[in-house]
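We count ligands from 1, going down the list as the structure has it; atoms in each ligand are counted the same way. These numbers come from a predicted model, not from an experiment.
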Amino acid sequence: MSHHDDDDNFNDSPNEHFQQVLERGTRAPLTRRHLIRGGVGLAALSSIPFLAGCGGGGSDPAPAPPAAPGETSLGFSAIDKSLLDDVVLPAGYSYSVLHATGDRLFSTETAYSNTGAETDDWSRRIGDHHDGMDLFYVDALGNYTTQDTGRAVLAVNHESSADAHFFHPTGQTTNGVSGKKFSQFGGWDLGTRLESEVLKEINHHGVSIAEVRRTGSTWALQLDSGLNRRVTAQTVMDIAGPAAHLADIRSLMVTKYDTSGATSRGTLNNCGHGKTPWGTYLACEENWAAYFFMPAGSVDVDARTKVARQRYGVMRAPNAAATAGSQGWSAVASAGTDSRFGRWDVSAPGATAAQDYRNEPNTFGYIVEIDPLRPGATPAKRVAMGRFAHEAAVCSIPVAGQPLAFYMGCDSQNEYVYKFVSAAPWDPADVGGGMAAGHKYLDEGRLYVARFNDTGAGEWLELDIANPLIAGYAPYTFAHQADVLVHARHAADALGATKMDRPEWGAVNPKNGDVYFTMTNNSSRNVAGTDAANPRAYADNDGNAGSGNPNGHIVRLSEQGGAPGAAAFTWDIFLFGAEADAGADINLSGLTDANDFSSPDGLWFSPASGICWIQTDDGAYTDQTNCMLLAAIPGAVGDGGPVTVNNSLGGSTGTEGTFIGAALGEARLRRFLVGPTGCEITGITETADGRTMFVNVQHPGERTGAYGTGPFVLQSQWPGVSTVNYAPAGRPRSATIVITRADGGVIGL
Ligand code: FEO
Ligand code: CA
Ligand code: CA
Ligand code: CA
């Protein structure tokens, strides 16, 4: 498992697909699928008010309507798919690099060598694997403002150490042997790792916060700014949560480091992100579970803890040699006395949890709030928002006097979509309120998980210990509400949430509040397991990349009454990823060579242009194109209609009814950017005027080969050898790029 692939299934929970529940007749006498099969469904369905323009029961995409009133149109020509080792953009656009892996934040550090020669611990440099990011403007007094002042802080997540071999001269070293990725040493023999290497790897994780300033139309990183800061996998964090449950929450966080459980150290695998209306940054902890280890023969944890770890992918098989991808950070010689390393060994040798690090995994899996403009502010883990493989946290349109909703995906196969609704109604006077405002809105509230039913409606199910389904859940016995929050996956299982095709980023359309979620792909979906919201099971078009739902799709929902706290919603599928030459039952959105894509991941709406930007992290179409960024004109939930999908996979056939948005066509969906070889395109924001776009290129050249004792054979040399030739050349580097138009216009229009 590579830490950014997320391609694992830890959900063997007994909760059924909602379809199965329906078919047992416990909730409704007829399923939508039955209605369609019976040939009487369309009349019944047409009475559902949001279904405009219902087509027939076949799989032809609904016709493209004209853009909705007030919607803009795309103003660039779609670019072709590309296998070039460069960033490709439409005519009239160009890019530069703002910062890349290893760039120094302070002049006390050496300029990055790109040879692994650094002798510092990486805690004052830009991390690796650039991911979610956001821009925070700074006013003349140093406070947060939504006005473009030309001075800002850019916060960037640094997700994974899957490319950490590039940080060291000849790769990662174990037992004195180097020249490999750590994960390529056989049998997870952790051996002995070098302290200096492990420190670099620990510190490149987390978030970089860098001041950037505009001169003319060019943005540049400000070396030595007092706002420059690194949050790493060692930074001290507050454990925060609802007052009524905080003592119970902290009881689950007790470690030798802080026996009160009030604080923990570090954040890991920060993937998607969020920006709060009051101006703080949310770094989301995704594949944190893969970093822990229990050496063979060490003292095991209790049976209940094993159940919990199993569901989260921590120690897939307790005490087995094969774990879920530990980086071996506990395998340095000083781990027994230096807890910076020892804490990644989560065995239980102590008499109590206060004497070891068995609870260390409980301190990860959260939304982490950071005040990007106050370097002294301690980040907080917002436990009320649940513990899972957090992908991103996207806020509803803030309306004074109404609660705020934060929509969140859990990115693994067959995991769920959640929302957190604040107890406090939004007060615009809290803009600039920093961590205190975060305490107000993110510590007190209700946590829900989504069930997408087969009628195009959906329900938000509250994770509340008072619910008998949770209180009486047999596979994992909850002790209290704090346990429900910390083991949210189990609670969501108990409620019968809908198992999705790997929920990645969410985004909220600022024009109408519709909530979009990418379902990036799911190799474990089969024909019998399809449901209306995850309706496809098929083999990769050219047989190169497995089966299930290899190309992914984008679901969107509209809250009942437009209320962020609603208990019900309507939904449809905005887009299905597909190769353009795939059959009609796979290419349900009618994609063409101008806009076909696979594995949607990053997702963001530009407030300036209204464009829905879609980023890909793919392995199913990469034989024909590198990962990409597409622009879409969104429309609204319900602008398409129902279809029946004919599935065929592995000898099984079946049909699945679903609801899809109107086909966008080339007028409303175009490929805007293709990245360099081996990369993922992820993370996107713009200046307030929409004329400068920031995009992250993650892990170019990740499949770098030939890990012998000789030099690396580089799959990519971007950005050192490319249009921009960002020095020093050599190994590939993740980077934030800045895109502008030659004529200074709004990006995409
Ligand atoms: Fe880090 Fe779910 O992608
Ligand atoms: Ca991602
Ligand atoms: Ca991904
Ligand atoms: Ca393919």
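Looking at R311 and D493, a side-chain N of the basic residue comes within less than 4.0 Å of a carboxylate O on the acidic one, giving a salt bridge. For D163 and R731, the salt-bridge test fails: no basic side-chain N is under 4.0 Å from an acidic carboxylate O. We find that D411 and R502 are joined by a salt bridge, their nearest charged nitrogen and carboxylate oxygen being less than 4.0 Å apart. Under a 4.0 Å N-O distance rule, the pair R671/E666 does not qualify as a salt bridge.
Here D601 does not reach atom 2 (Fe) of ligand 1: none of its N/O/S atoms is less than 2.8 Å from the metal. At least one N, O or S atom of A620 sits under 3.0 Å from the Ca ion (ligand 4). For the Ca ion (ligand 4), the N/O/S atoms of D540 include one lying under 3.0 Å.
In D411, the N, O or S atom that comes nearest to atom 2 (Fe) of ligand 1 is OD2. Closest N/O/S atom of D542 to the Ca ion (ligand 4): OD1. Here the N, O or S atom of E579 that is nearest to the Ca ion (ligand 4) is OE2. Atom OE1 is the N/O/S atom of E391 found closest to atom 2 (Fe) of ligand 1.
Under the 6.0 Å distance and 45° angle rule, K275 counts as a cation-pi partner of F136.
If you put the vertex on atom 1 (Fe) of ligand 1, OE1 of E286 and OE2 of E159 sit 80° apart, to the nearest 10°.
Remark: of the listed residues N522, N534, N11, N522 is the sole one forming a side chain to side chain donor-acceptor pair (under 3.5 Å) with N414.
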